[in-house]
There are 2 protein chains.
Amino acid sequence: MASGTFSRRVTAADIAKSLGVSRATVGFVLNNTPGQTISEGTRSRVLAEAERLGYRPHTAAQALARGRSRVVLLVLPDWPIEYSMGRNIEEASLALEEAGYSLVTYTRHDSSRTRPLWETLNPDVVMGMLPFAAADVESMRASGVPHILPSPDVPPSWEQGASVTVGPSLQVQHLVELGHRRLGFAASSDPRLSKLVEARSAAVRAEAARKGLPEVAELAVGIGDTSAAAGAVATWRADEVTAVVAYNDDVAAMVAGAAIRSGVSVPSELAIIGHDDSPLAGMFVPSLTSVHLDDAGFGRQLAAIALHAAEGLPLPDADPAFAARVVRREST
Amino acid sequence: MASGTFSRRVTAADIAKSLGVSRATVGFVLNNTPGQTISEGTRSRVLAEAERLGYRPHTAAQALARGRSRVVLLVLPDWPIEYSMGRNIEEASLALEEAGYSLVTYTRHDSSRTRPLWETLNPDVVMGMLPFAAADVESMRASGVPHILPSPDVPPSWEQGASVTVGPSLQVQHLVELGHRRLGFAASSDPRLSKLVEARSAAVRAEAARKGLPEVAELAVGIGDTSAAAGAVATWRADEVTAVVAYNDDVAAMVAGAAIRSGVSVPSELAIIGHDDSPLAGMFVPSLTSVHLDDAGFGRQLAAIALHAAEGLPLPDADPAFAARVVRREST
DNA sequence: GTGAGGAACTAGCACGCGCAAGCAAGAGGG
DNA sequence: CCCTCTTGCTTGCGCGTGCTAGTTCCTCAC
């Protein structure tokens, strides 16, 4: 029967009344407001009463009063997100929650005529994987979003950093260590991925040049398009390519599948390395060598960047967080 | 420079002042408040001015004033979610946005000592894939969550419906049509999935019984555990099982991989059918027959259930939405 | 004895919005 | 002509918090 009655929620005023102090005092205690002196007795009595009554601050009221919502909006791209992204987000969410923020994820479906979530959620921070379109930035500014990441004002964004290039570099290094010199790059033909594909492709070419390899033969492979994959394999073979760097594990699987079907043995005739170390990489036959990224570290980095923007907290120096390593399996 | 000045956000009072009407009038127009008569002239002038000034209602203030936040919180389980779940959510989010609600997803990491999101977000509806634990329900009630789905008061929940059983039935039917009679079921050994595995397993056994098949040989296969998969394949072969129904595509891939590695040809010696029609199913060699679910329909159903709870909107009758079909590929 | 100063509070406004209640002016019926 | 009803508004309170500007009381120096 205790929980049966649909009781109004407990407010700070309830605590104050029950204790015979003013509501302001309660507020000062609960917020540890600096510059306020509260006696130890009162402080502990307020905290105990809050606990006893099951007080929960009303987020909407807080947001209204202080003008900040403590919500971080993470805008996910419309394209199929990487496998590791899910774990990143979970970790970031955890780190933000510990700082009193809520992470809300939002997939932007540009076909939609409805108002984007940042206009209705009043987030303190909006984060994206890639820089936002000018129209979106305008809309965020108009809705009063205080912080936009990557910042539209600073062209070189954080996502262009080590997190993108370290994986492709490792892919190339691994193949070179195995003695391969003539490499192919299997891009994804999905137009939505073009920016990321391009970034990884550039990183691969840069690493190849650094190692003094001949030019990398780049071909596009569509997920589900087996004939394109078969064509790519044939072209690479004709071109004397012995190893293929794939944009990600899905593309790697397409290439490996096409190779097997056309009688090209993996890895002896064609080695293949993927990226992301998705579950698929371990399950495929032959299992796929891939690059494993430190999801948790990346997620925490994401959270740190948001907190840096929102509260000026220091950014963790360097990025041992972006640790990546090659997981060698049967395909190389 | 227009956007340079950090201008305060536009409020309904700004519209009122600029037009020389009262703030209430503006509110009535913007909300189409029933029971209020507003002249056509005033109405259009208010709407035009709102548009001109770029007015955005302040969600927090609305939530505070009306006591409802128009937020639907979807609690995702800690376990690896199905591939199709992502598309479901997107579709549900779209449908809810059109009804003026925001869908926020939240992965519950039970290791966390931070307060669950429903305590800080004040959602109107909290939805889960499976019934919530009693402690969680208590916490939601204490935070004043008006609607919990599946409802803790009504034991038979919607998720137990056709959406769970239709896929497994189709799997069995497909194999029976191909002449198989002695079936195996490949469960997932992930303990977090046990409830769903059990539900699908029961559906498979029920369908098998309906078709008059001998008992289904169920074995657990862990993702990444190749030796367990190999053992399962050997056991089934010894048991004269000719076809395996897999819990999902990942498990199907594990089984198929183990079969190939141990020289059992797929599908001639062992047929395998997966579930979910994830991208993996098409990429695997041999490609995997699977059950494709109507993601969009399921997502819209999810949204409809939420709106039904929140606003008493009618539930769409029946469920052609839960349409599922077998996608036949090489593994059967 | 008195004034300064600090500790420990309280009163009350602001945040932006929804909505109940009230009010002026005109329409219509007797 | 008076009364009622409707139209088209306005005034103002309340939602739960944060926080500024006091107010009271007590201590302590001179």
Side-chain angles (χ1 to χ4, degrees), chain A residues 7-46 49-50 53-71 100 119-122 124 143-144 146, chain B residues 7-47 49-50 53-70 100 119-122 124 143-144 146:
Chain A
S7 56
R8 232 188 59 268
R9 64 178 296 140
V10 179
T11 72
D14 295 333
I15 300 177
K17 203 184 310 169
S18 149
L19 241 44
V21 301
S22 79
R23 220 192 40 68
T25 304
V26 173
F28 293 146
V29 170
L30 294 175
N31 296 338
N32 280 318
T33 310
Q36 293 291 338
T37 54
I38 304 286
S39 72
E40 196 43 55
T42 304
R43 156 168 266 108
S44 58
R45 276 161 55 230
V46 167
E49 193 66 6
L53 295 179
Y55 170 73
R56 303 274 183 279
H58 190 139
T59 330
Q62 287 182 313
L64 181 60
R66 56 161 81 112
R68 304 185 309 132
S69 61
R70 291 184 158 269
V71 165
E119 293 197 354
T120 70
L121 212 59
N122 291 80
D124 288 343
S143 328
Chain B
S7 56
R8 231 189 57 270
R9 64 178 295 141
V10 180
T11 72
D14 294 334
I15 300 177
K17 202 185 310 169
S18 150
L19 240 45
V21 300
S22 79
R23 218 194 40 67
T25 303
V26 173
F28 292 146
V29 169
L30 295 176
N31 298 338
N32 280 317
T33 311
Q36 293 291 341
T37 54
I38 304 285
S39 71
E40 197 44 55
T42 305
R43 156 167 267 108
S44 57
R45 274 160 57 228
V46 167
L47 291 174
E49 193 67 5
L53 296 178
Y55 170 73
R56 304 275 183 276
H58 190 140
T59 331
Q62 286 182 313
L64 182 59
R66 58 160 80 112
R68 305 186 309 133
S69 61
R70 291 184 159 269
E119 292 195 355
T120 69
L121 212 59
N122 290 80
D124 288 343
S143 325

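Residue numbers start from 1 in every chain, and the chains themselves are labelled A, B, ... in the order their sequence lines are given, proteins ahead of strands.
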_Nucleic acid footprint by protein, nucleotides 18-29 of chain D - heavy-atom cut-off 4.0 Å, B for base, S for sugar-phosphate alone_ = BBB---------
*Determine whether B/L47 and B/S44 make a side-chain contact, defined as any pair of heavy atoms from C-beta on separated by less than 4.5 Å.*
no
*asked:* Minimum heavy-atom separation for B/I15 and B/L30, please, with both atom names.
replied: CD1-CD1, 4.5 Å
*To the nearest 0.5 angstrom, please state how far the CZ atom of A/F28 sits from the OG1 atom of A/T42.*
13.0 Å
*asked:* I need the CG-C1' distance between A/L64 and D/dG14, as an integer number of Å.
replied: 12 Å
*asked:* For A/V21, is there any backbone N or O sitting under 3.5 Å from a side-chain donor or acceptor partner on A/T25?
replied: no
*State whether B/S39 places a side-chain N or O below 4.0 Å from either non-bridging phosphate oxygen (OP1 or OP2) of D/dT7.*
no
_Between B/S69 and B/A63 (side chain of the first, backbone of the second, donor and acceptor by atom type, cut-off under 3.5 Å), is there such a pair?_
no
*asked:* So, OP1 or OP2 of C/dA7: does either fall under 4.0 Å of a side-chain N or O from A/T37?
replied: no
_side-chain N/O A/T11 vs D/dG16 OP1/OP2, d < 4.0 Å_ = no
*Which part of the nucleic acid does A/R56 contact within heavy-atom distance under 4.0 Å: base, sugar-phosphate only, or nothing?*
sugar-phosphate
*Examine the side chains of A/N32 and A/R43 and answer whether a donor and an acceptor come within less than 3.5 Å of each other.*
yes
*Just by distance, do the side chain of A/R9 and the backbone of A/R56 share a donor-acceptor pair under 3.5 Å?*
yes
*asked:* I'd like to know if the side chain of B/D124 and the backbone of B/R68 have a donor-acceptor N/O pair within less than 3.5 Å.
replied: no
*Work out how much the helix from C/dG1-D/dC30 to C/dG30-D/dC1 bends between its end axes, five pairs an end, to the nearest 10 degrees.*
60°
